[in-house]
Engineer: 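Would you mind keeping the following structure in view while I ask a few things?
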There are 2 protein chains.
Amino acid sequence: MVNSYYSQDVHGPYELYDIGDFALEEGETIKNCKLAVATYGTLNAAKDNAILITTWYSGTSKIMSDVYVGQGRALDPDKYFIIIVNQIGNGLSTSPHNTDGPQSMANFPKVRIADDVRAQHRLLTEKFGISSLVLVTGGSMGAQQTYEWAVAFPDMVRRAAPIAGTARTTDHDFLFADAVRDTMLSDPKFNGGDYSASSDVAAGLRNQAKLWAVMGWSTEFYVQQRPKALGFDTIDAFVDGFMNGYFGPMDPNDLLCLAWKWQRADVSRHTGGDLAAALKRIKAKTFVMPILSDMFFPPADCAREADLIPGAELRVLKTIDGHLGLFGTDAEYVRQVDAHLAELLSTPA
Amino acid sequence: MVNSYYSQDVHGPYELYDIGDFALEEGETIKNCKLAVATYGTLNAAKDNAILITTWYSGTSKIMSDVYVGQGRALDPDKYFIIIVNQIGNGLSTSPHNTDGPQSMANFPKVRIADDVRAQHRLLTEKFGISSLVLVTGGSMGAQQTYEWAVAFPDMVRRAAPIAGTARTTDHDFLFADAVRDTMLSDPKFNGGDYSASSDVAAGLRNQAKLWAVMGWSTEFYVQQRPKALGFDTIDAFVDGFMNGYFGPMDPNDLLCLAWKWQRADVSRHTGGDLAAALKRIKAKTFVMPILSDMFFPPADCAREADLIPGAELRVLKTIDGHLGLFGTDAEYVRQVDAHLAELLSTPA
């Protein structure tokens with residue numbers, strides 16, 4: 001299905017890498033799995049200056065580069081070769097909406113965080129010849145991938161900075177994500193995933209946008225009238241303009257693929273369900289970076305995991321913008337992220 | 001429409017009082033408006049030992065008496081005449097589902113918190129001859145009514161204990177309530193409010209139940225496996241058994257009437273939008289009692305209002321059960337409520 005939102009015009013520049021047939025944990029195989037990759041800077045001769053950035057639910061490489069990468073910043077393309085890999089199902093990489101044939105749309109196979117990380121590992125080692133990463137970082141589902149990387153490939157990840165995410169999805173987050181799924185699934189126009197254009201599901205996407213308006217920011221965000229500061233005079237205008245402006249063009253099958261994946265992130269699948277044993281495997285110097293006002297991944301949840309990672313440090317990001325502070329809406333949040341990442345990058349590892 | 005959930009068998013005993021034709025702020029009039037009232041104890045000869053308890057979204061007098069009233073408790077029917085008035089639209093008092101004719105179902109008029117309080121005032125003064133209340137208390141929308149009582153009838157309310165609610169609905173709560181509304185409105189079987197049985201809207205009600213499972217409790221509630229302590233082995237069983245068991249039998253038009261009302265609670269309608277001026281009117285000795293882990297009405301929101309009420313004290317209820325701690329699922333919460341109410345009742349006012 002054609003969806004102009006998922007295009008070089010909107011999210012580029014990125015390149016598509018075909019990593020070949022890719023067998024998924026749940027059993028199916030994606031034929032000629034394609035990963036959309038944006039790179040910044042130059043890989044040095046030793047191939048040891050690479051930083052991997054992962055993507056979150058609904059996000060692509062575009063927002064990661066816009067908000068987190070820049071000359072003079074911690075993630076500086078003048079110093080590092082920065083690789084942003086779009087997760088499977090996010091609309092740029094192989095996804096329900098851009099797959100033809102028997103795995104198209106609602107028939108797209110179930111993908112796990114661990115699948116993404118194995119796919120990224122294949123890309124980095126086989127296409128780029130990289131065997132060591134200076135840093136892996138990402139927010140939300142990107143943090144889930146960061147944790148998975150550090151647990152699955154402990155000798156390859158020298159530093160890890162999971163932002164606003166957990167290594168194992170909590171029951172509460174599972175329900176959160178389920179409520180998000182319901183907004184799309186309950187729209188009769190979703191039609192079991194068999195729609196002719198994503199805009200058919202406009203009502204469901206709008207309900208999703210509203211739900212993210214509720215759960216994605218925070219109480220204080222609204223008390224302090226942050227929507228006004230972002231240019232919206234009323235709550236309705238904010239929900240319509242900002243939130244639905246963001247979610248409205250997206251593909252519901254893609255989002256459902258991501259939500260299913262989000263719900264099941266769990267590094268303890270490597271260790272028979274023992275989270276402590278899994279996190280103990282991590283060799284990366286790790287900064288665990290929750291957002292103070294995050295209703296999805298509150299600092300307490302992240303602190304519990306940080307305690308299980310050898311040498312990890314908890315760095316709480318102070319903003320009232322909640323989980324969606326990830327968008328970089330609060331300059332002070334961005335400043336703190338940069339300061340922590342700069343410190344982490346200057347730490348021997 | 002007949003709905004056996006809203007019956008003496010399930011929610012009794014209560015009595016129906018007809019307060020006559022009742023003109024609403026939004027312009028329509030409810031003919032022969034009936035308030036469902038449960039009373040405990042005896043009104044003394046001076047008629048000065050009455051306590052009014054209000055009800056919350058989805059709640060009735062039954063849970064208020066079960067959880068908050070009892071011999072030897074703060075709200076002791078041996079000492080006080082305790083009157084629990086079901087709010088308009090809650091299914092027991094005049095409500096969309098039990099109204100026939102032109103105001104039936106989705107055509108039920110818009111009702112405001114201030115309407116409820118005026119209706120309750122008429123009931124108390126005209127039917128019971130009460131002109132002074134020892135205490136008004138209630139949780140959530142019941143707190144909204146408590147605040148409205150204290151502002152609208154400052155000389156009648158000697159003490160006020162709004163639990164887990166605010167005097168003016170915040171933007172964040174407006175959105176929360178809107179997401180709740182969406183669960184019902186988006187069910188095609190809701191059919192614009194014209195269904196033949198509330199069970200037609202089972203899917204929407206189940207989505208609502210799930211949303212309350214997300215937002216009603218708290219992250220820690222799930223981390224600490226409170227659903228297991230409440231008798232449910234899995235999250236699914238908890239959502240199905242507890243949450244959908246609760247919301248499933250309810251009437252969507254009734255719930256939508258309440259949600260609309262919740263979204264617009266605002267004591268500053270008395271003072272041209274000036275919240276400080278409205279709250280300054282309060283003469284009641286007031287204990288503002290937010291729940292520590294409440295995602296709807298966090299202590300910070302309640303503290304801001306408490307600061308505007310002469311002599312008010314902030315008493316934070318410490319539980320990880322979130323907003324739905326109101327249900328009394330945590331015995332320690334109930335103990336704290338009782339202790340604060342006992343202290344308030346022993347304070348001269």
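Residue numbers begin at 1 in each chain, while the letters A, B, ... track the order of the sequences.
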Engineer: Which atom pair, heavy atoms only, marks the closest approach of His172(A) to Val214(B)?
Structural biologist: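 Closest pair (atom of His172(A), atom of Val214(B), distance): NE2-O, 2.6 Å.
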Engineer: Quick one, Lys210(A) and Leu175(B) - any side-chain contact, counting heavy atoms below 4.5 Å?
Structural biologist: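 Lys210(A) vs Leu175(B): side chains touch.
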Engineer: Check each atom of Gln225(A) against the heavy atoms of chain B and say whether the ones under 4.5 Å are side chain, backbone, both or neither.
Structural biologist: neither
Engineer: Pick one of side chain, backbone, both or neither for Asp187(B), based on which atoms fall under 4.5 Å of a heavy atom in chain A.
Structural biologist: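 It is neither, since no heavy atom gets under 4.5 Å.
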Engineer: Which of the residues Val239(A), Leu185(A), Ile235(A) is involved in the greatest number of heavy-atom pairs with chain B at under 4.5 angstrom?
Structural biologist: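 Option with the greatest count: Ile235(A).
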Engineer: Shorter than 4.5 Å, heavy atoms on both sides: which option in Ala213(A), Ala203(A), Gly204(A), Ser218(A) has the most such pairs with chain B?
Structural biologist: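 Between Ala213(A), Ala203(A), Gly204(A), Ser218(A), the count favours Ser218(A).
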Engineer: Can you tell me how far apart CH2 (Trp217(B)) and CG (Asp171(A)) are? Round to the nearest 0.5 Å.
Structural biologist: 14.5 Å
Engineer: Grab the two heavy atoms, one from Pro188(B) and one from Ser186(A), that are nearest each other, plus how far apart they are.
Structural biologist: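 So the two residues come closest at CD-O, 4.2 Å.
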Engineer: Are Val223(B) and Asp301(A) close enough that some pair of their side-chain heavy atoms sits under 4.5 Å apart?
Structural biologist: yes
Engineer: Is there side-chain contact between Thr219(A) and Met295(B), with heavy atoms separated by less than 4.5 Å?
Structural biologist: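 Side-chain contact under 4.5 Å: no.
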Engineer: Please flag which part of Arg304(A) lies under 4.5 Å from any non-hydrogen atom of chain B: side chain, backbone, both or neither.
Structural biologist: side chain
Engineer: Which value, rounded to the nearest 0.5 Å, describes the distance between Glu220(A) atom CD and Thr170(B) atom OG1?
Structural biologist: 10.0 Å
